Amino acid sequence: QLQASGGGLVQPGGSLRLSCAASGITFDDYTVGWFRQAPGKEREGVSCIGSSSSDGSTYYARSVEGRFTISSDNAKNTVYLQMNSLKPEDTAVYYCAAGYRAGPWAFMHIATMQDAWGKGTLVTVSS
């Protein structure tokens with residue numbers, strides 16, 4: 001139902017844009033976000049955007065705030081994560097997920113609020 005794409009190899013300081021496209025669901029009633037998991041580390045929430053039927057508020061982890069921007073194109077049923085000023089510590093597999101009418105904070109921190117997951121896309125930041 002969710003397809004993540006856009007990962008790749010980028011040098012430190014570079015940029016990438018990840019896309020999360022949905023089929024079978026519409027984002028009108030879903031909070032959609034990104035999580036990442038680096039080798040040997042636990043999965044962490046990165047960012048999410050509330051559904052268009054709510055206020056569409058956004059949430060960012062402190063580690064990416066000011067560098068990453070999440071946005072939604074409801075016509076294309078796609079959510080984007082623009083990642084700028086990438087650092088080696090951003091290296092991870094990035095997953096998109098969706099939660100039905102989930103509040104942004106709850107979606108990022110409570111596993112039962114995440115209803116659907118896509119396969120990950122690898123982001124490698126290295127010189």
Side-chain angles (χ1 to χ4, degrees):
Q1 287 185 326
L2 300 176
Q3 181 66 50
S5 62
L9 173 64
V10 63
Q11 292 186 344
S15 299
L16 281 175
R17 188 178 79 159
L18 304 183
S19 299
C20 176
S23 60
I25 63 172
T26 62
F27 288 160
D28 290 351
D29 289 317
Y30 282 82
T31 291
V32 182
W34 294 90
F35 297 78
R36 66 187 181 185
Q37 187 165 21
K41 294 188 177 181
E42 294 186 354
R43 187 176 66 199
E44 65 170 337
V46 176
S47 178
C48 72
I49 184 166
S51 65
S52 58
S53 62
S54 67
D55 61 3
S57 58
T58 57
Y59 174 99
Y60 295 95
R62 191 170 297 179
S63 59
V64 306
E65 197 161 19
R67 300 187 297 121
F68 291 9
T69 302
I70 193 167
S71 61
S72 177
D73 185 337
N74 288 340
K76 295 182 178 180
N77 222 27
T78 300
V79 167
Y80 303 98
L81 184 69
Q82 179 66 43
M83 306 186 297
N84 298 330
S85 302
L86 283 162
K87 304 176 181 179
E89 51 263 43
D90 294 317
T91 295
V93 177
Y94 284 70
Y95 301 88
C96 65
Y100 182 70
R101 294 186 176 180
W105 189 94
F107 176 78
M108 298 304 291
H109 293 91
I110 302 173
T112 55
M113 302 303 287
Q114 301 142 17
D115 300 312
W117 286 87
K119 293 183 179 179
T121 185
L122 176 63
V123 172
T124 303
V125 184
S126 175
S127 55

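The first residue in the sequence is number 1, and the count goes up from there. Remember, it's a predicted structure, so these values are computed and weren't measured experimentally.
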Just by distance, do the side chain of [X] and the backbone of [Y] share a donor-acceptor pair under 3.5 Å?
X	Y	result
Thr91	Glu89	no
Arg67	Ser85	yes
Asn74	Asn77	no
Thr121	Gly7	yes
Gln3	Ala22	no

Query raised in the report: Would you call Ser126 and Pro88 a side-chain contact if the rule is heavy atoms closer than 4.5 Å?
Result: no
Query raised in the report: Looking at side-chain heavy atoms only, is the closest gap between Met113 and Thr31 below 4.5 Å?
Result: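 Side-chain contact under 4.5 Å: no.
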Query raised in the report: In the single-linkage hydrophobic clustering (I, L, V, M, F, W, Y; side-chain heavy atoms under 4.5 Å), do Leu9 and Leu122 co-cluster?
Result: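 Unlinked, Leu9 and Leu122 end up in two clusters.
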Exercise: identify the closest heavy-atom pair between [X] and [Y]:
X	Y	value
Gly45	Ala61	O-CB, 3.4 Å
Ala4	Lys119	CB-O, 3.5 Å
Arg36	Glu44	NE-OE2, 2.6 Å

Query raised in the report: Transitive ILVMFWY cluster of Leu16 at side-chain heavy atoms under 4.5 Å: who else is in it?
Result: Leu2, Val10, Leu18, Ile25, Phe27, Tyr30, Val32, Trp34, Val46, Ile49, Tyr60, Val64, Phe68, Ile70, Val79, Leu81, Met83, Leu86, Tyr94, Tyr100, Val123, Val125
Query - Polar side chain donor-acceptor pair, Ser15 to Asn84, under 3.5 angstrom - result: yes
Requested in this report: Drop me the distance from Gln82's CD to Ser47's OG, to the nearest 0.5 angstrom.
Outcome: 12.0 Å
Query raised in the report: Could you give the distance from OG (Ser5) to OH (Tyr80), rounded to the nearest 0.5 Å?
Result: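 These two atoms lie 9.0 Å from each other.
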Query raised in the report: Out of Phe107, Tyr95, Tyr59, which one pairs with Phe35 under the ring pair (Phe, Tyr, Trp, His ring centres under 6.0 Å) rule?
Result: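 Exactly one pass, corresponding to Phe107.
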